Amino acid sequence: MANLPSIPKGTRDFSPEVSAKRNYIFDTIKYVFKRFAYRQLETPAMENLSTLTGKYGEEGDKLLFKILNSGNFLKKVSDKELCERNTAKLAHLVAEKGLRYDLTVPFARYIVQHQNEITFPFKRFQIQPVWRADRPQKGRYREFYQCDADIIGSNSLINELEIVQMIDEIFTKLNLKVTVKINNRKLLAGIAERIGFPEKFTEMTVAIDKLDKIGLKKVYEELIQAGISEDAVNLLEPILNIGGSFDDQMQCIEKFLGETESGITGIQEIHKLFDYISLFRFNNNIQLDLTLARGLNYYTGAIFEVVSDEVQIGSICGGGRYDDLTGVFGLKEMSGVGISFGADRIYDVLENLNRFPKDVISNVKLMFVNFGEKEEKYCLPVLQKLRNAGINAEIYSDSVKMKKQMKYANSNNIPYVALAGETEISENKFTLKNMQNGTQKLVSANEMINILSE
RNA sequence: GUGGUUGUAGUUCAGUUGGUUAGAACAUCUGAUUGUGGUUCAGAGGGUCGUGGGUUCGAGUCCCAUCUUCCACCCCA
């Protein structure tokens with residue numbers, strides 16, 4: 001075979017086996033989202049570039065996939081501009097559309113565009129691929145799926161509670177043990193204020209967010225490099241080394257924050273949320289983590305992150321509250337809170353622990369062997385009957401050598417094969433072969449249905 | 001975007017200081033076995049050695065470029 005075709009860098013094919021496993025994850029997440037009254041939204045793969053640019057910072061803009069205008073895409077470009085070779089400037093002239101970078105910005109765009117048709121608060125979930133022109137590496141792709149649920153137009157902390165409940169329920173259903181870490185950006189703002197560097201809030205959160213990964217020393221270095229004085233960084237120590245029970249942590253942070261304004265509301269919010277949480281029993285650990293920061297800087301209130309207790313892989317789910325997501329599109333004062341599940345990482349964890357249910361993979365129960373025209377006519381009505389009874393079944397479509405047909409059933413993990421030749425037809429029966437243990441017996445069509453329905 | 005790394009059959013990999021016709025295992029197909037797969041045996045097909053240049057009498061092997069793979073950083077799911 002000459003040159004095999006291939007797919008672009010950082011993209012993947014999902015084989016039937018892998019697809020089945022991925023659907024198991026998506027279906028579980030979807031089922032829980034729906035039960036909490038979130039409704040599905042789908043938006044186009046491509047957005048106007050003006051919708052996307054400037055929303056993810058300078059880095060993000062570079063990672064946007066841009067779509068070349070159709071037809072004569074050089075129409076708007078002058079010879080002079082072409083010669084200047086200023087790619088940033090040229091990009092806007094030759095491309096008006098781009099592939100979506102996440103699901104949050106298209107969601108915000110949708111809300112603003114349809115604000116008069118939407119009854120708030122609005123709850124939506126969205127499971128679609130997103131694209132980033134990043135350099136691929138372990139667990140990072142140029143095309144990957146996000147599973148988001150957001151509620152917008154409500155300040156109630158009940159929404160935060162429900163997000164924690166959804167996380168707990170989804171990972172329970174997936175048979176995974178996780179820890180849900182919760183913090184509040186207002187506490188972090190209070191901390192920045194207290195150490196005398198409120199304007200360094202973003203830098204501070206980005207650095208603290210790396211604590212798990214790079215350790216205390218490097219975080220200090222990064223904070224100092226960001227322009228925060230050494231004295232101020234030293235003040236942070238009790239916070240970064242904090243531990244103990246919820247009450248211990250709260251006592252410590254309350255004392256530390258004192259009268260800072262955002263600190264007080266942050267503490268109130270945390271108390272209220274954990275008050276709600278204490279009303280329920282959860283299967284997973286729920287804990288306050290004052291060092292949790294999350295890099296994304298549109299979060300303003302509660303923030304969540306979920307890590308597996310069983311496999312070290314980084315966060316498999318994250319989210320938080322944002323106060324002004326739609327502001328950039330001209331709709332002010334819309335507070336929302338959302339959560340995003342990383343399907344690819346959850347897949348890796350399940351695969352790693354061998355936790356995919358066995359029946360996810362093969363769902364074809366039976367194959368009829370094809371002996372020829374007369375036999376086909378005998379089998380086809382029974383095949384139809386099986387399908388009507390809810391059994392996934394098929395007939396080998398060509399009357400080829402039996403060995404080939406058996407091999408097909410075997411390599412597709414089909415557990416039963418039905419054979420009907422002259423003898424069986426004369427008795428109005430089938431030979432039903434169990435492919436796992438090799439046994440076979442003569443049964444009627446109805447007996448076959450009963451056996452396969454078990 | 002920065003630094004490193006990888007590429008030989010469908011897949012995983014051998015291939016000596018540069019030297020005849022580039023190998024193995026698994027997979028595929030055919031037969032042993034015309035109504036029995038997963039085991040066994042015999043055989044077959046499958047390669048412009050990622051691509052394009054260069055050095056050389058001669059390149060899978062050396063040099064350059066480019067693409068790809070994987071990894072780290074930046075950033076992020």
Side-chain angles (χ1 to χ4, degrees), chain A residues 1-12 15 25 56-64 87-88 100-104 127-148 202 206-207 209-210 213-214 218 222 225 293-298 304-308 313-319 338-349 367-372 375 396 399-425 430-442:
Chain A
M1 226 171 283
N3 278 329
L4 286 175
S6 64
I7 53 175
K9 193 206 278 218
T11 64
R12 296 158 292 166
S15 67
I25 297 171
Y56 309 105
E58 221 174 292
E59 283 294 324
D61 283 355
K62 279 190 214 153
L63 299 181
L64 286 173
T87 43
R100 67 165 165 257
Y101 179 89
D102 69 0
L103 300 178
T104 312
I127 299 177
Q128 288 187 279
V130 302
W131 293 270
R132 294 184 191 177
D134 204 355
R135 206 177 270 202
Q137 50 174 283
K138 186 87 180 168
R140 280 171 78 165
Y141 305 95
R142 293 184 135 184
E143 178 185 64
F144 63 97
Y145 279 70
Q146 290 192 330
C147 311
D148 281 23
T202 307
V206 169
D209 193 47
K210 294 178 188 163
K213 212 172 160 186
I214 63 176
K218 290 253 168 96
E222 202 164 318
Q225 198 152 41
R294 293 199 55 80
L296 297 176
N297 51 26
Y298 52 72
F304 310 97
E305 196 159 284
V306 179
V307 293
S308 165
I313 196 170
S315 82
I316 51 180
C317 173
I339 189 77
S340 181
F341 288 80
D344 295 287
R345 284 197 178 164
I346 293 172
Y347 182 98
D348 288 344
V349 173
M367 184 198 85
F368 285 93
V369 171
N370 190 328
F371 282 123
E375 294 86 348
Y396 198 94
S399 170
V400 295
K401 280 208 312 222
M402 185 156 171
K403 181 175 168 139
K404 194 167 162 56
Q405 302 193 35
M406 293 302 283
K407 201 164 179 178
Y408 171 89
N410 192 58
S411 54
N412 283 303
N413 289 315
I414 300 172
Y416 289 96
V417 168
L419 302 100
E422 222 170 297
T423 3
E424 286 91 349
I425 294 175
F430 292 87
T431 296
L432 183 65
K433 175 162 182 160
N434 180 324
M435 292 295 278
Q436 258 114 59
N437 55 28
T439 59
Q440 52 190 52
K441 58 179 171 183
L442 200 64

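So you know, we letter chains A, B, ... as the sequences are listed, proteins then strands, and number each from 1. Bear in mind that the values here come from a model prediction, so they are computed numbers and not experimental data.
- Counting any heavy atom pair closer than 4.0 Å across all strands shown, A/Glu305 reaches no nucleic acid atom.
- If you check every strand for non-hydrogen atoms under 4.0 Å, A/Gly438 touches a base.
- A heavy-atom distance below 4.5 Å is found between the side chains of A/Arg132 and A/Asp102.
- For A/Arg142 (side chain) and A/Asp134 (main-chain N/O), a donor-acceptor pair under 3.5 Å exists by modelled atom type.
- The gap from the P atom of B/U11 to that of B/G47 amounts to 13 Å, rounded to the nearest Å.
- Rounded to whole Å, the separation between the C1' atoms of B/U33 and B/C41 comes to 12 Å.
- A/Glu375 comes within 4.0 angstrom of nothing in the nucleic acid, heavy atoms only.
- Residue side chain A/Lys9 does not reach the base of B/U68 through any donor-acceptor N/O pair under 3.5 Å, judged by distance alone.
- Side-chain atoms of A/Asn410 and base atoms of B/G37 include a donor and an acceptor less than 3.5 Å apart.
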Given side-chain contact (heavy atoms from CB on, under 4.5 Å), test A/Asp344 with A/Arg12 step by step and report yes or no. CA-CA 11 Å; A/Asp344 295 287; A/Arg12 296 158 292 166; 2.9 Å; yes
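- A/Gln440 has no side-chain polar atom (N or O) that falls below the 4.0 Å cut-off from OP1 or OP2 of B/U36.
- If you check every strand for non-hydrogen atoms under 4.0 Å, A/Gln405 touches nothing.
- For the residue pair A/Glu424 and A/Thr431, a side-chain donor N or O sits within less than 3.5 Å of a side-chain acceptor on the partner.
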Would you list the protein and nucleotides 29-31 of chain B atom pairs, both N or O, that sit under 3.5 Å from each other?
{"residue": "B/G31", "atom": "OP1", "partner": "A/Lys401", "partner atom": "NZ", "Å": "3.3"}
{"residue": "B/G31", "atom": "OP2", "partner": "A/Lys401", "partner atom": "NZ", "Å": "2.2"}

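- To the nearest whole angstrom, the two C1' atoms, one in B/C13 and one in B/C73, are 31 Å apart.
- The C1' atoms of B/C74 and B/A22 are separated by 43 Å, rounded to the nearest whole Å.
- The side-chain heavy atoms of A/Met406 and A/Met435, taken from C-beta on, include a pair separated by under 4.5 Å.
- Ranking B/U36, B/C75, B/A77 by closeness to the A/Met402 side chain, first place goes to B/U36.
- Comparing B/U21 with B/G3, their P atoms are spaced 41 Å from each other, to the whole Å.
- Nearest-nucleotide positions on RNA chain B for A/Gly318 and A/Ala420 put A/Ala420 closer to the 5' end.
- Residue contacts shown for A/Tyr408 are absent, as no nucleic acid heavy atom lies under 4.0 Å away.
- Counting non-hydrogen atoms under 4.0 angstrom, A/Glu143 reaches nothing in the nucleic acid.
- Judged by atom type and distance alone, A/Arg140 reaches the base of B/C75 through a side-chain donor-acceptor pair under 3.5 Å.
- Here, B/U28 and B/C67 have their C1' atoms 29 Å apart, quoted to the whole Å.
- Distances from the side chain of A/Gln137 to the nucleotides B/G37, B/G35, B/C73 place B/C73 closest.
- Using cut-offs of 30° and 60° on the angle between ring planes, the pair A/Tyr56 and A/Tyr101 is tilted.
- By the 4.5 Å heavy-atom criterion applied to side chains, A/Val369 and A/Lys433 are not counted as neighbours.
- Distance noted for atom P between B/A25 and B/A44: 13 Å (whole Å).
- For A/Leu419, taking side-chain heavy atoms from C-beta onward, the closest of the listed nucleotides B/G35, B/C74, B/A77 is B/G35.
- The nucleotide B/G60 finds no pairing partner, because no Watson-Crick or G-U wobble arrangement with both distances shorter than 3.5 Å includes it.
- The residue A/Thr423 sits close to a base: some heavy atom pair falls under 4.0 Å.
- Using a 4.5 Å heavy-atom cutoff, the side chains of A/Ile414 and A/Tyr408 are in contact.
- For A/Arg135 against B/U2, a side-chain-to-base donor-acceptor contact under 3.5 Å is present.
- Counting any heavy atom pair closer than 4.0 Å across all strands shown, A/Gly10 reaches sugar-phosphate atoms only and no base atom.
- In a base pair of the Watson-Crick type (N1 to N3 plus N6-O4 or O6-N4) or a G-U wobble (N1-O2 and O6-N3), with each distance short of 3.5 Å, B/C26 is matched with B/G10.
- Rounded to whole Å, the separation between the C1' atoms of B/C62 and B/G18 comes to 8 Å.
- At a cut-off of 3.5 angstrom, counting only N and O atoms as typed in the model, there is a donor on one side and an acceptor on the other between the side-chain of A/Glu424 and the base of B/G35.
- Separating the CD1 atom in A/Ile316 from the CD atom in A/Glu305 is a distance of 10.0 Å, to the nearest 0.5 Å.
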